[in-house]
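Quick notes on the structure that follows.
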Number of protein chains: 2
Amino acid sequence: MAPELVRSVLERIGDKWSVIVICRLGPEPRRFNELRRLVDGITQRMLTATLRGLERDGLVTRSVFPTVPLRVEYALTDSGRTLLDVVQALVGWAGANAETVHVARTEFDRRAREQPQPVGAG
Amino acid sequence: MAPELVRSVLERIGDKWSVIVICRLGPEPRRFNELRRLVDGITQRMLTATLRGLERDGLVTRSVFPTVPLRVEYALTDSGRTLLDVVQALVGWAGANAETVHVARTEFDRRAREQPQPVGAG
DNA sequence: CAGTATCCTTAAGGATACTG
DNA sequence: CAGTATCCTTAAGGATACTG
């Protein structure tokens, strides 16, 4: 049902940071700057945007504690946790196959460099 | 080991078409135009680019049969098939949760429309 | 049939400065 | 601490015409 809906869900997960942020959220709630430190290379702007997107999709909750200084905690929802499972499988695959893929890429690029022409040259 | 390698593998899967193409390849080999018909909305250019990327990563093989007319078949490799499994889990999750996510989005957008200001207005 | 070559648009994301 | 506001760059992807 509704293949466009499925695609719109995949597009969220397919952005640059969502998968990593979901993994770093894991089981416990995390504060904003804590996440920022855990997700290597993310900017403040993109962390906010990513968290808002996940919150919008009902995958993450945002809890504000009006203390001084302000305290904001992010945590996975129930459906967020079910997504974490499949995302971990994906990251696990990437980890297990990173080396193989890297070798394949190097080989492919070497062949492309050696025979750029359709018909034998040289 | 090598978190950047893992990320580079995730980036391939995270583009617009790879997941869908991998699913459509499934167990049997497919011809180019056959795939083009199966993957709704993809352009010739993007199908070529996506298949090249998958071939480069060692996930897909490209077999040319020099008949007239030309015949080119694409098939998943062994590691491509292991990726298919986890990708199917992801697509399965998206399918199972599409409705829930859609509702969450609608609710989120409604609340954002009603209270755009940090402090109660109007 | 199975592509490649060109041109173009849009939007994702980075950098930086500022704030309740 | 946890953001928002602006500006800018790049690259992903679409449209279209052409080809071995």
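All chains are named by letter (A, B, ...) in the order of the sequence lines, taking the proteins before the strands, and each is independently numbered beginning at 1.
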- Query: For B:Val64, which residues count as a side chain to side chain contact (heavy atoms under 4.5 Å, CB included) partner, sequence neighbours excluded?
  - Reply: B:Arg62, B:Leu70, B:Val72
- 5' priority, DNA chain C, between B:Pro69 and A:Leu70 [closest heavy atom]: B:Pro69
- Item | Sub-4.0 Å heavy-atom contacts from residues 30-45 of chain A onto DNA chain D, ordered by number | A:Arg31, A:Phe32, A:Asn33, A:Gln44, A:Arg45
- Looking at side-chain heavy atoms only, is the closest gap between B:Trp93 and A:Val9 below 4.5 Å? yes
- Query: How is the base pairing of DNA chain D summarised as a dot-bracket string, given the Watson-Crick and G-U wobble criteria with both distances under 3.5 Å, [ ] for crossing and | for another strand?
  - Reply: ||||||||||||||||||||
- Among residues 14-23 of chain B, which contact DNA chain D at a heavy-atom distance under 4.0 Å? B:Asp15, B:Lys16, B:Trp17
- Rounded to the nearest 0.5 Å, what's the gap from CD on A:Glu34 to CG on A:Leu25? Could you check? 9.5 Å
- Message: Tell me if a side-chain donor or acceptor on B:Arg81 pairs with a main-chain N or O of B:Pro27 at a distance below 3.5 Å.
- Response: no
- Atom pair SG (B:Cys23) and CG (B:Leu90), whose distance is rounded to the nearest 0.5 Å: 8.5 Å
- Donor-acceptor contact below 3.5 Å, side chain A:Arg24 vs main chain A:Val39: no
- Query: Checking all strands, does A:Tyr74 fall into the base, sugar-phosphate, or nothing category for heavy-atom contacts under 4.0 angstrom?
  - Reply: sugar-phosphate
- Query: Does atom CG of A:Asp40 have more than 12 heavy-atom neighbours from other groups under 6.0 Å away?
  - Reply: no
- Whole-Å distance between D:dA11 C1' and B:Arg12 CZ? 14 Å
- Message: Expressed as a whole number of angstroms, how long is the span from B:Met46:CE to D:dA11:C1'?
- Response: 11 Å
- A:Ser18 side chain vs A:Gly14 backbone, donor-acceptor pair below 3.5 Å: no
- Task: Indicate whether OP1 or OP2 belonging to C:dG3 is found under 4.0 Å from a side-chain N or O atom of B:Arg52.
- Result: yes
- Task: May I have the distance from A:Glu11 (atom CD) to D:dG13 (atom P), rounded to whole angstrom?
- Result: 10 Å
- Item | Nucleotide D:dT4, atom C1' - distance to CG of A:Leu47 in whole Å | 14 Å
- Task: Check side chain to side chain contact (heavy atoms under 4.5 Å, CB included) between A:Glu11 and all other residues, then give those that pass, not counting sequence neighbours.
- Result: A:Arg7
- Between CZ of A:Phe65 and C1' of D:dC1 the distance, given in whole Å, is 14 Å
- Any pair with a residue in residues 44-53 of chain A that passes side-chain hydrogen bond (donor to acceptor under 3.5 Å, both in side chains), sequence neighbours left out, goes on the list, sorted by first then second residue, please. A:Arg52-A:Tyr74
- Is there side-chain contact between A:Val60 and A:Leu76, with at least one heavy-atom pair below 4.5 Å? yes
